[in-house]
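Below: the structure, in structure tokens.
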Amino acid sequence: MPHDHHDHLSPSGHPYRPDDDHPLTYWQQMEIAIRELLIEKTVTTATEINAQIDAMDSRSPANGAAVVARAWTDPVFRDALLADASAASRDMGFDIGPMKLIAVENAPDVHNVIVCTLCSCYPRNLLGLPPDWYKSRAYRARTVNEPRKVLSEFGLTLPDTTTVRVHDSTADMRYIVIPARPEGTGGWGQDDLAQLVTRDSMIGTGVAKSPTSK
Amino acid sequence: MAERQFMRVRADMPPGHVRTPAYLRGKTGWVERKLGPFPNPEELAYGHPGTALDLMRVRFTMAEVWGPKTAFPKDTIDAEIYTHWLEPVEPPHAT
């Protein structure tokens, strides 16, 4: 018999997976308590909270990709984006709330990468929720100390002649990287170009996709 | 190119909520751009109205932050530092 311990196996012959049940953590309880108090005291309503959750969930890296693709094709917009990324994003129709955004542009000899060493500041109002690794202690600690090694682990090995600029998002500003426009995309429209702009390329842990890999 | 304004980050380690990363305290960089004013987060964190302070994007070299033996000394780190953490200093001599 391949499976001897029948007590631990499901009818399919595989081990039962333990239930993922555990008591609420301290902070989960705190969030529920504060949310319920705010509703009870009519500071906000359940409808407003759900609407805000829906608004956050509806934001995705596609918003940032559209901004980048426009910057690639529209020099006036690119200049406006570098001067005031919040205003330029709003002008495109993105509701980014009070977020103060700075756009940093990659160049043939400059590569930018974003990190928040103190917590996990991220341009959520434009790009949606950050990836889990962005919030990890390893990414936050190592990106300011050995950025090229971190980037190589993402599959991005930069030549020694490229200057790496790390941006530590320590206070009120949020950041987006404008990656370099890939070769071989001359004459492409903004919608097609936006398909090449990955989330990681806007954090700086990657570059835009090449048109052949689309 | 405009003259660089060099700034040294205070080397203090005060208790409480501070948004000046410890790894940059005592280090010298130059002002990449000026931002703000923004309310002081060290007061906001304790429910006080934040005093409006200018915020500076300060650029540091890897050599300054991690020492001359760092692998790529000319790579840079930019961080936003509130002005009460900064003191203007003379440009370092070129080495």
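Chain identifiers are assigned alphabetically (A, B, ...) following the order of the sequence lines, protein sequences preceding nucleic acid strands; residue numbering begins at 1 within each chain.
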Quiz item: Short question: side chain of B/Trp66, backbone of A/Glu146 - any donor-acceptor pair under 3.5 Å?
Solution: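 Answer holds: no.
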Quiz prompt | Under 3.5 Å: donor-acceptor pair, side chain of A/Thr170, backbone of B/Glu80 | solution = yes
Proximity breakdown for [X] and chain A, heavy-atom pairs closer than 4.5 Å:
{"X": "B/Leu35", "result": "side chain"}
{"X": "B/Pro41", "result": "neither"}
{"X": "B/Ala71", "result": "neither"}

Practice problem: Please state whether the side chain, the backbone, both or neither of A/Lys100 comes within less than 4.5 Å of a heavy atom of chain B. | Solution: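 When you check distances to chain B, only side chain atoms of A/Lys100 fall under 4.5 Å.
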Self-check item: A/Thr117 versus chain B, the contacting section by heavy-atom distance below 4.5 Å
Solution: side chain
Quick check: closest heavy atoms across [X] and [Y], and the distance to 0.1 Å?
{"X": "A/Cys119", "Y": "B/Arg19", "result": "SG-NH2, 3.2 Å"}
{"X": "A/Arg148", "Y": "B/Asp75", "result": "NE-OD2, 2.8 Å"}
{"X": "B/Pro21", "Y": "A/Leu118", "result": "CA-CD2, 4.1 Å"}

Quiz item: B/Arg57 versus A/Ile102: any side-chain heavy-atom pair under 4.5 Å?
Solution: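 SC-SC contact between B/Arg57 and A/Ile102 confirmed.
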Exercise. For side chain to side chain donor-acceptor pair (under 3.5 Å), just list the numbers for A/Tyr175 and B/Asp78, CA-CA rounded to whole Å, side-chain angles, deciding distance to a tenth of an Å, and then say yes or no.
Key: CA-CA 11 Å; A/Tyr175 294 88; B/Asp78 292 8; over 6 Å; no
Quiz item: With chain B, which of A/Thr143, A/Val115, A/Thr162, A/Asn145 has the greatest number of heavy-atom pairs at distances under 4.5 Å?
Solution: A/Asn145
Quiz item: Judged by modelled atom types alone, do A/Asp172 and B/Tyr82 share a side-chain donor-acceptor pair under 3.5 Å?
Solution: yes
Practice problem: Verify the distance criterion only: is there a donor paired with an acceptor across the side chains of B/Thr76 and A/Arg165 at less than 3.5 Å? | Solution: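 There is such a pair between these side chains.
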Quiz item: Does the side chain to side chain contact (heavy atoms under 4.5 Å, CB included) test come out yes or no for B/Phe72 and A/Asp160, once each step is laid out?
Solution: CA-CA 8 Å; B/Phe72 290 89; A/Asp160 291 0; 3.5 Å; yes
